[in-house]
Amino acid sequence: MTTANRHQRPESAAPSPAPQRSDFASDFLWGCATSSYQIEGAGREDGRVESIWDRFAATPGRVKDGSNGLVACDHYHRWPEDFDIAQDIGLNAYRFSIAWPRIYTGEHGQPNQKGLDFYSRLVDGMLERGLQPWATLYHWDLPQTLQDAGGWENRATIDAFVDFADAMTRTLGDRVKHWITHNEPWCTAIIGNYEGWHAPGNTSLKTALQVAHNVLVSHGKATPVIRANVPDAQVGMAVSLHPLRAASGSPEDQAAMERHDGLRYRWFLDPLFGRGYPQATLDLIGDAAPDVVAGDMEAIAVKTDFMGVNYYFPEVVADAPDHAPFRARVLPTTQGEITAMGWPVAPEGLSELLTRIENDYHPGPMYVTENGSAFDDTVDANGEVDDVQRRQYLMRHLASLKDAIDNGVPVKGYFAWSLLDNFEWAEGYLKRFGLVHIDYETQQRRLKNSGKWYRAFLRQE
Ligand code: IFM
């Protein structure tokens with residue numbers, strides 16, 4: 001993005017009234033989310049093995065700034081400071097993910113004790129600061145050894161994941177009640193294995209759809225194991241979704257949007273809610289359909305305790321006859337407010353999306369498990385980061401969330417993405433999503449003005 005002006009939005013132009021904490025239920029969860037590979041660093045410590053993101057990032061051209069997560073925010077060593085900041089903001093929940101490569105030893109059922117101990121300390125650190133821990137088991141850092149054996153395309157990875165879930169919930173289940181099996185299966189499957197710009201970098205639709213299927217099966221098989229190990233467990237998945245708009249009112253663009261929706265939304269949600277894969281999408285993909293073993297669809301449809309929704313922006317879809325098999329293309333955003341990722345700022349999309357999910361599936365309690373924005377932050381002469389646009393983004397999305405709740409959507413919590421600036425995957429460190437600025441040279445943390453606004457909101461100042 002070179003159009004800095006398009007990121008500007010005058011304070012006075014905010015359309016929605018600023019929400020107040022008192023507009024939400026007193027037991028509403030207010031959190032921030034992070035993920036292991038993006039913040040932890042300590043890539044070669046305490047027995048951590050190579051992940052697919054270590055391998056991918058080491059491949060020239062895969063990550064824009066040539067960086068990797070080996071040091072990242074050094075959260076592995078600096079977590080007490082990070083949790084002090086989270087406590088100071090006034091959060092009552094914190095969503096983190098567990099790096100499978102810290103636990104995986106390659107020996108069936110034998111987890112790495114040092115990895116288990118790290119997450120045990122981490123969880124104690126959260127609880128000491130009043131942060132309810134929300135653990136995500138898989139946020140994209142698959143051990144490379146498992147990828148070498150076929151990765152998520154190989155059903156053996158399902159069993160390995162269940163072992164991992166078992167080890168983690170035995171270790172943390174006395175203190176961690178909220179478990180997210182997978183973060184954004186779309187990204188794991190489609191971006192990583194069809195579009196190919198995330199690890200492991202495959203570009204096969206057949207592979208991607210088998211990966212998607214096996215990931216869903218692993219969710220279904222891990223859920224009862226988590227419940228068996230964790231008294232009062234609350235288990236769910238975090239799914240990234242977009243409200244869709246057709247590029248025009250033409251029947252072609254409308255039909256393209258429907259085809260895209262079949263893969264982007266229904267391919268994942270229909271089976272999770274017991275409806276199987278959508279027939280229209282099966283018809284389009286033909287031989288690329290995944291192999292389904294007896295019992296898989298029942299496993300996938302396991303009843304969960306909540307649904308996590310990650311929302312960033314709506315997608316505009318146009319007919320694209322050359323793009324087989326879906327013949328649909330997501331258009332880049334060229335006008336209006338845009339973040340540094342090139343994503344449109346559309347707060348109303350959050351309420352729209354949550355309302356659609358509620359109407360389509362009635363999933364029970366929902367949590368916004370991610371929502372946030374990247375902007376080109378700078379530290380001023382006073383050491384402040386005056387990220388006006390992120391503050392506006394946060395405020396306006398909370399107003400939209402309130403709209404959804406007022407309309408009867410049972411949302412029980414909100415996790416801002418992200419607590420810290422971090423490794424933004426293929427963008428490396430070029431994009432900053434944090435409420436806390438990280439100076440990657442010194443590892444200095446600075447609460448941005450958006451974080452200060454969130455603090456004032458939570459303290460009702
Ligand atoms: O940074 C990512 C996160 O890992 C998953 N959801 C979207 C975020 C922003 O791209």
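The model shown is predicted, which means the values in this text are computed figures rather than measured ones. Numbering of ligands and ligand atoms starts at 1, following listing order.
No donor-acceptor contact under 3.5 angstrom links the side chains of Trp79 and Glu81, judged on distance only.
The salt bridge (Lys or Arg N to Asp or Glu O under 4.0 Å) search around Asp124 returns Arg175, not counting sequence neighbours.
The existence of a salt bridge linking Lys64 and Glu424 is excluded, since no basic side-chain nitrogen approaches an acidic carboxylate oxygen closer than 4.0 Å.
With respect to Tyr138, the ring-ring contact (aromatic ring centres under 6.0 Å, His included) criterion is satisfied by exactly one of Tyr37, Trp152, Phe164: Trp152.
Of the possible donor and acceptor atoms, none in the side chain of Thr136 sits under 3.5 Å from a partner among the backbone N and O of His139.
A heavy-atom cutoff of 4.0 Å around ligand 1 is satisfied by the protein residues Gln38, His139, Trp140, Asn183, Glu184, Tyr312, Trp343, Glu370, Trp417, Glu424, Trp425, Phe433.
Aromatic rings from Tyr265 and Trp186 are positioned such that their centres are separated by 6.0 Å or more.
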